[in-house]
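Below is one structure, written out as structure tokens; the observations come after it.
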Amino acid sequence: MAAPVMHVVFPCSWRRRHVLPLRSAKTFKPRACLELRGSKGMSGFHEIELKVRDYELDQFGVVNNAVYANYCQHGRHEFMDSIGINCNEVYRSGGALAIPELTIKFLAPLRSGCRFVVKTRISGISVARIYFEQFIFNLPNQEPILEAKGTAVWLDNKYRPVRVPSQVRSYCGHFQRQHVVD
């Protein structure tokens with residue numbers, strides 16, 4: 001007797017979602033208003049200084065590529081805290097912030113003991129998403145190390161995207177108005 005044939009159906013949508021990125025990954029270039037060798041043109045960024053630790057290195061003596069995502073996360077977390085959004089309170093209240101997209105362009109490596117700065121700012125906000133731009137510079141010479149773009153999605157307690165709360169939108173807008181690049 002032959003075993004019954006079971007068909008597996010995978011849910012999918014044949015309609016393509018309409019997403020308008022700020023800039024496509026193929027044309028991932030620094031903004032024209034930014035000068036990547038220093039702080040000129042870098043207003044509107046929150047900065048946090050960090051130091052490379054030995055356990056973050058790979059077998060070649062440079063920071064493992066995956067660690068840069070941690071640096072970016074730390075920069076975003078500190079940035080949110082600096083504008084009045086406590087991420088721990090968001091989680092305790094049943095909400096969450098997820099990073100479904102992070103595009104990183106590596107420019108130069110960091111090595112053990114290097115001091116560097118992570119610069120973070122909001123580049124846009126939509127109904128349920130906050131868009132970030134981040135840069136890492138080696139100190140003290142301000143050598144560009146990394147450029148990153150990320151998207152944070154506001155989630156409810158069932159991990160479904162929801163509107164960014166109006167108070168959070170207000171905090172983000174206030175920060176952007178205070179730090180307009182001339």
Side-chain angles (χ1 to χ4, degrees), residues 21-88 90 97-126 129-154 164 168-169 171-182:
L22 294 176
R23 280 178 264 162
S24 89
K26 286 185 179 179
T27 60
F28 188 51
K29 298 175 186 169
R31 302 187 104 165
C33 65
L34 301 178
E35 181 182 311
L36 284 182
R37 294 224 34 110
S39 59
K40 181 181 177 186
M42 295 296 283
S43 65
F45 283 85
H46 176 268
E47 298 182 9
I48 181 166
E49 191 174 315
L50 300 170
K51 184 177 178 181
V52 174
R53 295 160 291 210
D54 288 336
Y55 64 84
E56 297 170 329
L57 305 178
D58 63 14
Q59 69 269 26
F60 304 109
V62 297
V63 172
N64 184 295
N65 285 359
V67 174
Y68 290 99
N70 292 336
Y71 295 157
C72 289
Q73 175 65 22
H74 189 67
R76 282 189 307 274
H77 195 275
E78 291 294 323
F79 170 77
M80 297 292 274
D81 197 42
S82 76
I83 64 172
I85 302 167
N86 185 317
C87 293
N88 292 328
V90 171
L97 285 169
I99 307 297
E101 184 176 340
L102 181 63
T103 304
I104 298 176
K105 181 176 180 181
F106 299 97
L107 304 172
L110 287 170
R111 292 175 169 40
S112 179
C114 286
R115 288 182 22 258
F116 61 96
V117 62
V118 179
K119 297 185 179 193
T120 305
R121 77 171 169 192
I122 294 175
S123 60
I125 191 163
S126 71
R129 290 172 173 75
I130 302 172
Y131 302 97
F132 291 94
E133 289 182 326
Q134 295 182 284
F135 297 89
I136 294 179
F137 295 95
N138 200 357
L139 294 176
N141 63 357
Q142 294 289 323
E143 175 191 6
I145 301 297
L146 171 141
E147 300 172 14
K149 297 197 176 308
T151 303
V153 178
W154 207 270
V164 175
V168 172
R169 292 176 64 88
Y171 288 147
C172 295
H174 180 72
F175 181 84
Q176 285 180 308
R177 283 188 299 279
Q178 280 185 330
H179 298 90
V180 175
V181 177
D182 295 326

Do [X] and [Y] come close enough that some side-chain heavy atom pair is under 4.5 Å?
| X | Y | result |
| --- | --- | --- |
| E49 | R115 | yes |
| F45 | F79 | no |
| I130 | I122 | yes |
| R76 | L102 | yes |
| L57 | V52 | yes |
| Y131 | S126 | yes |

Can you name the nearest heavy-atom pair linking [X] to [Y], along with the distance?
| X | Y | answer |
| --- | --- | --- |
| A148 | C72 | CB-SG, 3.9 Å |
| A108 | E143 | CB-OE2, 3.4 Å |
| N138 | C114 | OD1-CB, 4.0 Å |
| K51 | G113 | CE-O, 3.6 Å |

How far does [atom1] of [X] sit from [atom2] of [Y], to the nearest 0.5 angstrom?
| X | Y | atom1 | atom2 | result |
| --- | --- | --- | --- | --- |
| H74 | E78 | NE2 | CD | 4.5 Å |
| E56 | S112 | CD | OG | 9.0 Å |
| L146 | K119 | CG | NZ | 13.5 Å |
| K149 | F135 | NZ | CZ | 5.5 Å |
| Q134 | S123 | CD | OG | 10.0 Å |
| E101 | R129 | CD | CZ | 9.0 Å |

**Message:** Using the rule side chain to side chain contact (heavy atoms under 4.5 Å, CB included), only one of L110, L107, V117 pairs with I145; which is it?
**Reply:**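 Single pass found, and it is L110.
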**Prompt:** For Y68, which residues count as a ring-ring contact (aromatic ring centres under 6.0 Å, His included) partner, sequence neighbours excluded?
**Reply:**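 Only Y71, F106 meet the ring-ring contact (aromatic ring centres under 6.0 Å, His included) criterion with Y68.
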**Asked** Taking it one step at a time, do M80 and F132 satisfy side-chain contact (heavy atoms from CB on, under 4.5 Å)?
**Response** CA-CA 11 Å; M80 297 292 274; F132 291 94; 3.8 Å; yes
